[in-house]
Amino acid sequence: MAGHVIEVKDLVKRYGDLKAVDGTNFHVDKGEVFSILGPNGAGKTTTVEIMECLRKPTSGTINVLGFDVAKEAREIRKKVGILPQEFNTYDLLTVRENIDYFGAMFDRRIPTQELLDAVNLNEKEDVFYKNLSGGLKQRVGVAIAMVNDPEIIFLDEPTTGLDPKARREVWDIIRDLKKRGKTVILTTHYMEEAEILSDRLAIMNDGKFIAYDTPRAIIKEHGYGTLCVIKSGSRAVADMLKAQGLNCELKENDVHCWMQNKADLQIIFRQLESSGAYYDEVLVKRSSLEDVFLRLTGRHLVEEV
Ligand SMILES: Nc1ncnc2c1ncn2[C@@H]1O[C@H](COP(=O)(O)OP(=O)(O)OP(=O)(O)O)[C@@H](O)[C@H]1O
Ligand SMILES: [Mg+2]
């Protein structure tokens, strides 16, 4: 397996006539954060739940930690941790009782106290699950996913619906899992999250991986490089910059200039200064995974929270 903790070959999953996963091939390296980024219905949960042995593939070979999902699900289940999408647990058990309850199912387990420390829930250990905020509930879910000291942890949209602060707290826990040497498989709608946290990622759309690499390599391959936006620029500004050899276009009320090299920025400012042309502000931005998604599919992923 050469360091690969998961290997997936030609995975197909059909639900009746629908091909929810359409021939994906990928691997996950030991100790990495690997994300599957995609819109609703892309096939993310189907893919991860097949690796978790919760759904059966229609065809393909899936090997997790050296075991075949078709024949050795019991071995795999002992060694993985799962935070399902829309996780929920017992409302009328406290945080500590919920963790104890799931811990009792495994021979090999991490003590509850250590898990409370890991997800920073010490102060809430005696609170009923139903009385926790969304972000704290997700942290209980991560603690439960860690209870059997798994080698691989699957987190299916752990931050969907959380406010920005709670999302960042979940990000810290994911970083901590990586520091502990765990392999993390994350699914998300949020490009920013995938870009910041992942060592490698796949962009999934309509059952297919349309990009698969490190965030940097994906952006380099499919992005537009660096873009300078002159807000409230005019056609005259666009034409003036084009005359200087720049690659510019008027888009709605903004002038977009795709930078070919760093000197382009100096030309832009010199021209704006000398012409006295009106503009509101100038933004310089690198292309992001959102731009890549838009370019590859013609659609936007969900807006960032
Ligand atoms: N058990 C099922 N039976 C029939 N169709 C299903 C089933 N599970 C998923 N699907 C369909 O398969 C497609 C992929 O669903 P899946 O849940 O894997 O996507 P997802 O990327 O996780 O979406 P989301 O971001 O909304 O969670 C969708 O069209 C979905 O409606
Ligand atoms: Mg899903």
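Throughout, residue positions are numbered sequentially from 1 according to the sequence presented. Atoms within a ligand are numbered from 1 in the order they appear, just like the ligands themselves.
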Subset of ligand 1 atoms that lie under 4.0 Å from at least one heavy atom of [X]:
| X | value |
| --- | --- |
| Thr46 | 15 (O), 16 (P), 18 (O) |
| Leu18 | 11 (C), 12 (O), 13 (C), 29 (O) |
| Gln85 | 24 (P), 27 (O) |

Are [X] and ligand 1 in contact, using a heavy-atom cut-off of under 4.0 Å?
| X | answer |
| --- | --- |
| Lys13 | no |
| Gly38 | no |
| Pro39 | yes |
| Glu49 | no |

Whether Lys137 engages the ring of Tyr129 as a cation-pi pair (distance to the six-membered ring centre under 6.0 angstrom, angle to the ring normal within 45°) should be assessed.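 Judged by the rule (NZ or CZ under 6.0 Å from the ring centre, within 45° of its axis), Lys137 counts as positioned above Tyr129.
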Is there a nitrogen or oxygen of Ala42 sitting under 3.5 Å from a nitrogen or oxygen of ligand 1?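 Yes; the residue has a nitrogen or oxygen that sits under 3.5 Å from a nitrogen or oxygen of the ligand.
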Would you check whether Ala20 has a nitrogen or oxygen atom less than 3.5 angstrom from a nitrogen or oxygen atom of ligand 1?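 N/O-N/O distance under 3.5 Å: no.
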Verify whether one side chain among [X] and [Y] offers a donor that lies under 3.5 Å from an acceptor in the other.
| X | Y | value |
| --- | --- | --- |
| Ser288 | Glu195 | no |
| Thr89 | Asn98 | yes |
| Thr94 | Asp126 | no |

So which protein heavy atom does [atom] come closest to, and at what separation?
| atom | value |
| --- | --- |
| atom 9 (C) of ligand 1 | Tyr15 CE1, 3.4 Å |
| atom 19 (O) of ligand 1 | Gly43 N, 3.2 Å |
| atom 17 (O) of ligand 1 | Thr45 CB, 3.7 Å |
| atom 14 (C) of ligand 1 | Gly41 O, 3.4 Å |

Before accepting this row, confirm whether a basic side-chain N of the pair [X]/[Y] lies closer than 4.0 Å to the acidic partner's carboxylate O.
| X | Y | result |
| --- | --- | --- |
| Arg295 | Glu221 | no |
| Lys251 | Asp254 | no |
| Asp163 | Arg168 | no |

Within the stated cut-off of 2.8 Å, is an N/O/S atom of Thr45 closer than that to the Mg ion (ligand 2)?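 Yes - counting backbone and side chain alike, Thr45 has an N, O or S atom under 2.8 Å.
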Within the stated cut-off of 2.8 Å, is an N/O/S atom of Gln85 closer than that to the Mg ion (ligand 2)?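 So Gln85 counts as coordinating the Mg ion (ligand 2), yes.
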[X], portion touching ligand 1 at heavy-atom distance under 4.0 Å:
| X | result |
| --- | --- |
| His189 | side chain |
| Arg55 | side chain |
| Thr187 | neither |

Check for me, please, whether Leu54 and Tyr15 land in the same ILVMFWY cluster - side-chain distances under 4.5 Å, paths through other members count.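 No.
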Lys124 atom NZ, over 12 foreign heavy atoms within 6.0 Å: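 No, not enclosed.
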Give a yes or no on whether the backbone of Phe128 and the side-chain of Asp91 come within a donor-acceptor separation of less than 3.5 Å.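 No; judged by distance alone, with no hydrogens or angles, the pair does not exist.
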So which atom in Tyr212 and which in Arg200 form the shortest heavy-atom distance, rounded to 0.1 Å?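 Heavy-atom minimum between the residues: OH-NH1, 3.2 Å.
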Over all atoms of both residues, closest heavy-atom pair of Gly23 and Val12: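 Looking at all heavy atoms of both residues, the shortest contact is N-CG2, 3.6 Å.
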Which is closest to atom 20 (P) of ligand 1 by heavy-atom distance: Glu86, Lys44, Met204?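 The nearest heavy atom belongs to Lys44.
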Any protein heavy-atom neighbour for atom 25 (O) of ligand 1 (distance below 4.0 angstrom)?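 True for atom 25 (O) of ligand 1.
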